[in-house]
Structures are given as C-alpha cells and as structure tokens.
Amino acid sequence: MKRILLTKTEKEMLEAVRNAKRFPLVRFELRSSEEPELRSIALNHVYITRPEDSMELVKQRSAALEGLRKKGLVKISYSLPAYVQSDYRIYYQSSLYELLCHTVMEASGKPDFLFDLPAMRFGQVFPL
C-alpha cells in the first residue's frame with residue numbers, strides 16, 4: 001500500500017471534511033455583463049469559517065483542498081443539483097467577498113475592462 005504524506009493543513013481539512021454533514025465552499029469568479037460566457041477565476045476552493053478570515057488563511061485552505069483532491073482523498077464539485085442556501089451565507093458576509101466586489105467596482109470604470117460582475121460559484125467537498 002502506498003503511503004500518502006499530508007501537510008498539517010491537509011490533515012486538518014481532511015478531518016473537517018470527514019466530520020462535516022455538508023462541506024460547502026465557493027469559487028470567486030469575475031464575469032462579464034457584455035459576454036456572459038466569459039469568466040475568470042479570482043480565487044478557487046474558498047472555504048470560510050468566519051467572515052473575517054484572512055486571504056492568507058483562505059489560500060492555505062485552498063491549497064490544502066487542492067492537495068487532497070490531487071491525492072484522491074476528496075472530490076470537489078461545483079456542479080450541484082441543489083444546495084442549502086444558509087450554508088453559503090457566510091461567504092456573502094465575508095471580508096474577502098466584499099474585497100472582490102470593491103475591486104470589480106473600481107476596475108469596471110476603466111476602458112477595456114471586461115469583468116464587471118463579481119460572482120460566486122457554489123460547490124461542495126466530498127470525502128472519498
């Protein structure tokens with residue numbers, strides 16, 4: 001049997017995923033009102049537990065979740081047939097989403113700026 005090495009953050013995230021009834025996360029995206037099919041990922045695998053979670057902490061969690069996905073320990077899906085709206089409330093309340101909205105607002109007045117809509121794509125993590 002092949003031994004899988006996990007970082008401390010990966011171990012913590014894997015335990016959280018396994019202990020959760022549901023494990024919601026989001027992808028922060030930039031979208032265009034002029035070209036709806038045009039999208040850009042601003043921040044992937046965003047997992048927030050407190051509205052004031054820092055960018056550094058969220059990026060650490062994101063990297064850990066991606067590591068777990070690559071190691072075949074979790075599945076991350078952004079194609080949910082249904083979701084519990086209250087699971088995602090904290091993301092709308094987060095300082096990081098507020099930052100995304102302000103950044104898009106400031107940049108949208110510039111010429112040739114395509115991405116004028118901040119958005120969230122709801123997802124979930126599943127243990128394997």
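Position 1 is the first residue of the sequence, and the numbers go up from there. In what follows, every heavy atom counts, from backbone to side chain, and hydrogens, waters and symmetry copies are set aside. Since we're looking at a predicted model, the values are computed, not measured.
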What pairs of donor and acceptor atoms, side-chain ones from residues 20-31 against any protein atom, are under 3.5 angstrom apart with sequence neighbours left out?
from, atom 1, to, atom 2, distance (Å)
Arg22, NE, Asp87, OD2, 2.6
Arg22, NH2, Asp87, OD1, 3.2
Arg27, NE, Asn44, OD1, 2.8
Glu29, OE1, Arg31, NE, 3.0
Glu29, OE1, Arg31, NH2, 2.7

message: Other residues, nucleotides and ligands only: do more than 12 of their heavy atoms fall within 6.0 Å of CZ on Arg89?
response: no
Is there side-chain contact between [X] and [Y], with at least one heavy-atom pair below 4.5 Å?
X      : Y      : value
Asp53  : Tyr47  : no
Val125 : Lys75  : no
His45  : Tyr78  : yes
Leu68  : Ile76  : no
Tyr92  : Met120 : yes
Leu43  : Ser62  : no

query: Any donor-acceptor pair under 3.5 Å linking the side chain of Ser32 with the backbone of Leu114?
result: yes
query: Are any side-chain N or O atoms of Thr103 and backbone N or O atoms of Leu99, one a donor and one an acceptor, separated by less than 3.5 Å?
result: yes
field: Joint cluster assignment, Leu65 & Leu80, ILVMFWY side-chain distance < 4.5 Å
entry: yes
field: Within one Ile-Leu-Val-Met-Phe-Trp-Tyr cluster: Val104 and Ile41, side-chain cutoff 4.5 Å
entry: no
message: Aromatic contact between Phe122 and Tyr83, with the criterion being ring centroids under 6.0 Å apart: yes or no?
response: yes
- prompt: Could you go step by step and tell me if Ser79 and Arg121 meet the side-chain contact (heavy atoms from CB on, under 4.5 Å) rule?
  reply: CA-CA 9 Å; Ser79 301; Arg121 179 132 188 201; 4.0 Å; yes
Over all atoms of both residues, closest heavy-atom pair of Phe126 and Ser77: CE1-CB, 4.0 Å
query: So how far is it from Ser54 OG to Gln60 CD, rounded to the nearest 0.5 Å?
result: 7.5 Å
statement: CG of Leu117 to CZ of Arg39, rounded to nearest 0.5 Å, is 10.5 Å
Run the side-chain donor-acceptor check on residues 9-17: report pairs under 3.5 Å with partners two or more places apart or on a different chain.
from, atom 1, to, atom 2, distance (Å)
Glu10, OE1, Thr7, N, 2.9
Glu10, OE1, Lys71, NZ, 2.7
Glu10, OE2, Lys71, NZ, 3.1

- line: Of Val58, Ile48, Val46, Leu100, the one forming a side chain to side chain contact (heavy atoms under 4.5 Å, CB included) with Ser94 is Ile48
- prompt: Is Glu56 salt-bridged to Lys59, cutoff N-O under 4.0 Å?
  reply: no
- prompt: Do Tyr97 and His102 have side-chain N/O donor and acceptor atoms under 3.5 Å apart?
  reply: no
